[in-house]
There are 2 protein chains.
Amino acid sequence: MPRTSATKYALLGLLSCSPSSGYAMKKFIDESIRYFWTENYGNIYPALSALEREGLAVKQRAQTSGRPDSNVFTITAKGEKELDKWLAEPCLPQLVRSELLLKLFFAGRLSRGKAAALLKAELAKHKELLERYKKTGACISEHGRGDKAYWLLTLDYGRRHSAMVCKWCEHSLSILEKKS
Amino acid sequence: MPRTSATKYALLGLLSCSPSSGYAMKKFIDESIRYFWTENYGNIYPALSALEREGLAVKQRAQTSGRPDSNVFTITAKGEKELDKWLAEPCLPQLVRSELLLKLFFAGRLSRGKAAALLKAELAKHKELLERYKKTGACISEHGRGDKAYWLLTLDYGRRHSAMVCKWCEHSLSILEKKS
DNA sequence: GCGCCCATGTAACTAGTTACATGATTCA
DNA sequence: TGAATCATGTAACTAGTTACATGGGCGC
């Protein structure tokens, strides 16, 4: 079974919040949900054309003073129906590929210092993420209109995930230090 | 910069433990490290040919009684060097795409029951994973030769991850229930 | 003979990334 | 005038999945 790319639904979801352009959606994704979703232009623009072709969104040329014109897309009733259908479907099993865990799995070949360096880099990354989540939380409380519960829920996941990784790294590093 | 596929290094890593065939490596991956790494035949066989072409592994035809012949690959000194170089390099930043979090982010459109169903499915999945990790832990203690510390470390990650997801699901479900 | 596991491989496909090209507007 | 940001798009690429084809050996 060919699983349709989720890009389509990510864009429909964003459009269900408010009409938007490809450029603006990319920006929103990078600034707000990058910790669990990414897109790139090479993906977005063709997907938007497809949405229009399928009648799930309509395009309008919009002019804003002081900026180039943009193509603003609005979700249609058909688009909302399609989105809701997808949202209610169970998630397809996702295969994981963690380069870090793969390296660590074979890290017996490395010196302790080099193995520790991998863990320290991961620890630093997630400490920084934890800092960023604090700001995101404040941002949602300010900007979010309507039901923020689910936004906070995904944010909570991010926080718990990074906190877990930090603890695991610290624990792993302490084990490495104890080693002969 | 084109990032070389990690499949190459995954296979080199496995070969650094012991000579093996593509089929056997696929089996090992599926049975032991599926929780953080996956491969499929369409990926493995071409990668093995490439390893041979680059002089990182050598192929030998092997016959086992009662089974079809197999191509057993052995890592070369050059292959080990290449592997060690890769292992010591910092991990490239990995982009995350979680279909579950994406759905949840837009779950304000769903009934509470449907949103809860997504979480319940995830909870069930990770409860089952936790069960499996127990067995894997025992398996490593028995079979693992040499330095098991790093194997246990990746397993510890899996356990912590699934435990975190379970807690997050339960917490999220309790919030959904409290909602008006 | 049939179904199952062993074993290898490829072709066609879907998905996702990167690099490039274009052009507007703003600000220093 | 040059750098930065806004804005759209495509072509070429890398990566990964699925489906298919083939054939040996084993047990029923």
Side-chain angles (χ1 to χ4, degrees), chain A residues 1-11 14 19-31 34 36-53 57 59-73 91-99 102, chain B residues 1-11 14 19-31 34 36-53 57 59-73 91-99 102:
Chain A
M1 309 143 258
R3 54 161 79 191
T4 347
S5 168
T7 293
K8 173 179 171 181
Y9 299 104
L11 298 178
L14 292 177
S20 183
S21 69
Y23 185 84
M25 284 190 273
K26 164 81 165 126
K27 217 178 166 190
F28 178 84
I29 290 168
D30 286 345
E31 284 169 3
R34 174 163 87 277
F36 69 78
W37 201 260
T38 55
E39 289 294 350
N40 49 54
Y41 292 125
N43 233 338
I44 289 174
Y45 289 115
L48 284 174
S49 301
L51 286 186
E52 202 192 7
R53 217 168 37 240
K59 178 164 80 176
Q60 280 168 286
R61 196 75 183 166
Q63 41 218 334
T64 325
S65 73
R67 292 208 228 151
D69 289 1
S70 64
N71 295 329
V72 169
F73 290 82
C91 294
L92 296 165
Q94 284 201 278
L95 301 178
V96 193
R97 286 186 131 205
S98 163
E99 213 176 290
L102 186 63
Chain B
M1 305 144 266
R3 55 161 78 193
T4 347
S5 169
T7 294
K8 174 180 169 180
Y9 298 104
L11 297 178
L14 292 177
S20 182
S21 70
Y23 186 85
M25 284 190 272
K26 164 79 165 125
K27 218 178 166 192
F28 178 84
I29 290 168
D30 286 346
E31 284 168 4
R34 174 164 86 277
F36 69 78
W37 200 259
T38 55
E39 290 293 352
N40 49 53
Y41 292 125
N43 234 340
I44 289 174
Y45 289 114
L48 283 174
S49 301
L51 287 186
E52 202 193 7
R53 216 167 40 239
K59 178 164 80 176
Q60 280 169 286
R61 197 74 184 166
Q63 42 218 332
T64 324
S65 73
R67 291 207 231 151
D69 290 0
S70 64
N71 295 328
V72 169
F73 291 82
C91 294
L92 296 165
Q94 285 200 277
L95 301 177
V96 193
R97 286 187 131 204
S98 162
E99 214 176 289
L102 186 64

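All chains are named by letter (A, B, ...) in the order of the sequence lines, taking the proteins before the strands, and each is independently numbered beginning at 1. All values derive from a computational prediction rather than experimental measurement.
Atom OH in A:Y45 sits about 16 Å away from atom C1' in C:dA19, given to the nearest Å. In this entry the distance linking OH of B:Y9 with C1' of D:dT14 reads 15 Å, nearest Å. The interatomic distance linking A:L11 (CG) with D:dT8 (C1') rounds to 14 Å, in whole Å. For the pair A:F73 CZ and D:dT8 P, the computed distance is 8 Å after rounding to whole Å. Atom pair A:L102:CG and D:dG16:C1' shows a separation of 16 Å (rounding to whole Å applied). In this structure, B:K8 places its NZ atom 14 Å from P of D:dG16, rounding to the nearest Å. For the pair A:I44 CD1 and D:dA11 P, the interatomic distance rounds to 18 Å; values are reported in whole Å. Here the C1' atom of nucleotide D:dT18 and the CG atom of A:L95 are 12 Å apart, to the nearest Å.
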Heteroatom pairs (N/O) under 3.5 angstrom, protein to nucleotides 1-6 of chain D:
residue	atom	partner	partner atom	Å
D:dC6	OP1	A:K27	NZ	3.1
D:dC6	OP2	A:Y23	OH	2.9

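Neither OP1 nor OP2 of C:dG16 sits under 4.0 Å from any side-chain N or O of A:N40. When the side-chain nitrogen and oxygen atoms of B:S70 are compared with OP1 and OP2 of C:dC6, none of them lie within a distance under 4.0 Å.
Residues meeting the side chain to side chain contact (heavy atoms under 4.5 Å, CB included) test with B:T7, sequence neighbours left out: A:R97, B:S5, B:L11, B:E39, B:N43, B:A47. Here A:D30 pairs with A:K26 under the side chain to side chain contact (heavy atoms under 4.5 Å, CB included) rule; sequence neighbours left out. With sequence neighbours left out, A:Y23 forms a ring pair (Phe, Tyr, Trp, His ring centres under 6.0 Å) with no residue at all. Not counting sequence neighbours, the partners of B:Y45 by the ring pair (Phe, Tyr, Trp, His ring centres under 6.0 Å) test are B:Y41. For A:R61, the side chain to side chain donor-acceptor pair (under 3.5 Å) partners are A:N71, not counting sequence neighbours.
The distance from the CD atom of B:E99 to the OH atom of A:Y9 is 9.5 Å, given to the nearest 0.5 Å. Going from atom CE of B:M25 over to atom CZ of B:F73 covers 7.0 Å, rounded to the nearest 0.5 Å.
Which of C:dT8, C:dT17, D:dT8 sits closest to the side chain of A:N71 comes down to D:dT8. Nearest to the side-chain atoms of B:T38 among the listed nucleotides C:dG9, D:dT17, C:dT17 stands D:dT17. Nearest to the side chain of B:R97, among C:dG16, C:dT17, C:dG9, sits C:dG16.
Counting non-hydrogen atoms under 4.0 angstrom, A:S21 reaches the backbone sugars and phosphates but no base. Residue B:G42 is classed as a base contact, given a heavy-atom separation below 4.0 Å to a base. B:G22 comes within 4.0 angstrom of the backbone, heavy atoms only, and of no base.
The residue among A:D69 and A:P46 whose nearest nucleotide of DNA chain D lies closer to the 5′ end is A:D69. Nearest-nucleotide assignment on DNA chain C puts the 5′-proximal partner with B:N43, out of B:N43 and A:N43. Sequence order on DNA chain D of the closest nucleotides to B:Y41 and A:S49 puts A:S49 first from the 5' end.
A:I44 approaches A:G22 most closely through the heavy-atom pair CG2-CA, 4.0 Å.
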